[in-house]
Amino acid sequence: MTGGCLCGAVRYESSGEPSFALLCHCRDCQRQSGSAYNAALRVPAAGFRITGGTPKLYVKTADSGNTVSRAFCPECGSPLYLLVSTRPDLVGIRVGTLDDPSGFRPEADIFVQSAQPWDYMNPALPKYPAYPPGRSYTPNS
Ligand SMILES: [Zn+2]
Ligand SMILES: [Zn+2]
């Protein structure tokens, strides 16, 4: 898979098998996306690399206590992916930045405890107040 930002300055590629396809409704994702949620695809960090430009990182401690680094293009501001301190083996790609996002099949809505009342969610998808069991970034939870 390949992808990049709106202006094209930052480009990336990912060759690993995705492990989780999710829609995150947390407030941090709402603020960073400027929308109701973020569509994200967790891929192995080992198969992920930047092929053009240098993204800027915004680092914030999440409600979970994890340190989350959100990568975005310093030129156009597009959010590209995120990294979580406790899971350096994973990268969470922002699905809308893929060159072809059409194959994305979300498995779950997460952090629906902070979803907005006007955010219509697919009733067929499982919903979790925060992380689904076993999907947290915190080891052993
Ligand atoms: Zn850009
Ligand atoms: Zn989120």
Side-chain angles (χ1 to χ4, degrees), residues 1-45 47-141:
M1 295 184 294
T2 56
C5 64
L6 179 61
C7 77
V10 180
R11 296 286 303 163
Y12 65 81
E13 66 179 25
S14 174
S15 59
E17 192 64 32
S19 58
F20 190 32
L22 61 104
L23 304 173
C24 184
H25 303 259
C26 82
R27 288 291 291 136
D28 285 0
C29 283
Q30 290 173 15
R31 285 202 168 90
Q32 199 205 17
S33 69
S35 187
Y37 61 88
N38 253 320
L41 193 60
R42 288 186 192 171
V43 298
F48 182 87
R49 69 186 190 101
I50 300 298
T51 55
T54 306
K56 190 169 179 184
L57 294 178
Y58 174 72
V59 182
K60 182 177 187 285
T61 302
D63 293 345
S64 59
N66 294 329
T67 302
V68 180
S69 302
R70 292 169 183 266
F72 61 96
C73 172
E75 298 299 323
C76 69
S78 306
L80 291 158
Y81 59 91
L82 66 74
L83 307 164
V84 179
S85 55
T86 49
R87 290 301 302 274
D89 55 318
L90 294 175
V91 175
I93 293 175
R94 299 307 194 201
V95 172
T97 67
L98 289 169
D99 291 334
D100 180 10
S102 66
F104 179 67
R105 298 289 180 271
E107 299 167 64
D109 287 293
I110 75 171
F111 282 90
V112 298
Q113 64 190 6
S114 44
Q116 296 303 316
W118 45 266
D119 177 7
Y120 177 78
M121 289 181 262
N122 179 355
L125 289 181
K127 317 249 174 299
Y128 300 94
Y131 287 116
R135 296 292 197 178
S136 162
Y137 281 107
T138 308
N140 307 319
S141 68

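As the structure lists them, so they are numbered: ligands from 1, and atoms in each ligand from 1. Residue indices begin at 1 and follow the sequence shown. Just so you know, these numbers come straight off a predicted model, no measurement behind them.
Here the shortest heavy-atom pairing between Leu125 and Asp109 reads CB-OD2, 3.7 Å.
Side-chain contact check for Ser33 and Asn38: no donor-acceptor pair (N or O, by modelled atom type) lies under 3.5 Å.
The aromatic rings of Tyr12 and Tyr81 lie perpendicular to each other, with more than 60° between the two planes, well past the 30° mark.
Residue Leu80 holds its CG atom at 9.5 Å from CZ of Arg94, rounded to the nearest 0.5 Å.
The Zn ion (ligand 2) has an N, O or S atom of Cys26 under 2.8 Å away, backbone or side chain.
Distances shorter than 2.8 Å separate the Zn ion (ligand 1) from the protein N/O/S atoms Cys5 SG, Cys7 SG, Cys73 SG, Cys76 SG.
The neighbour count for Phe111 CZ, taken as heavy atoms of other residues, nucleotides or ligands under 6.0 Å away, is above 12.
Taking the six-membered ring wherever Trp is involved, the centroid distance between the rings of Tyr58 and Phe72 does not fall below 6.0 Å.
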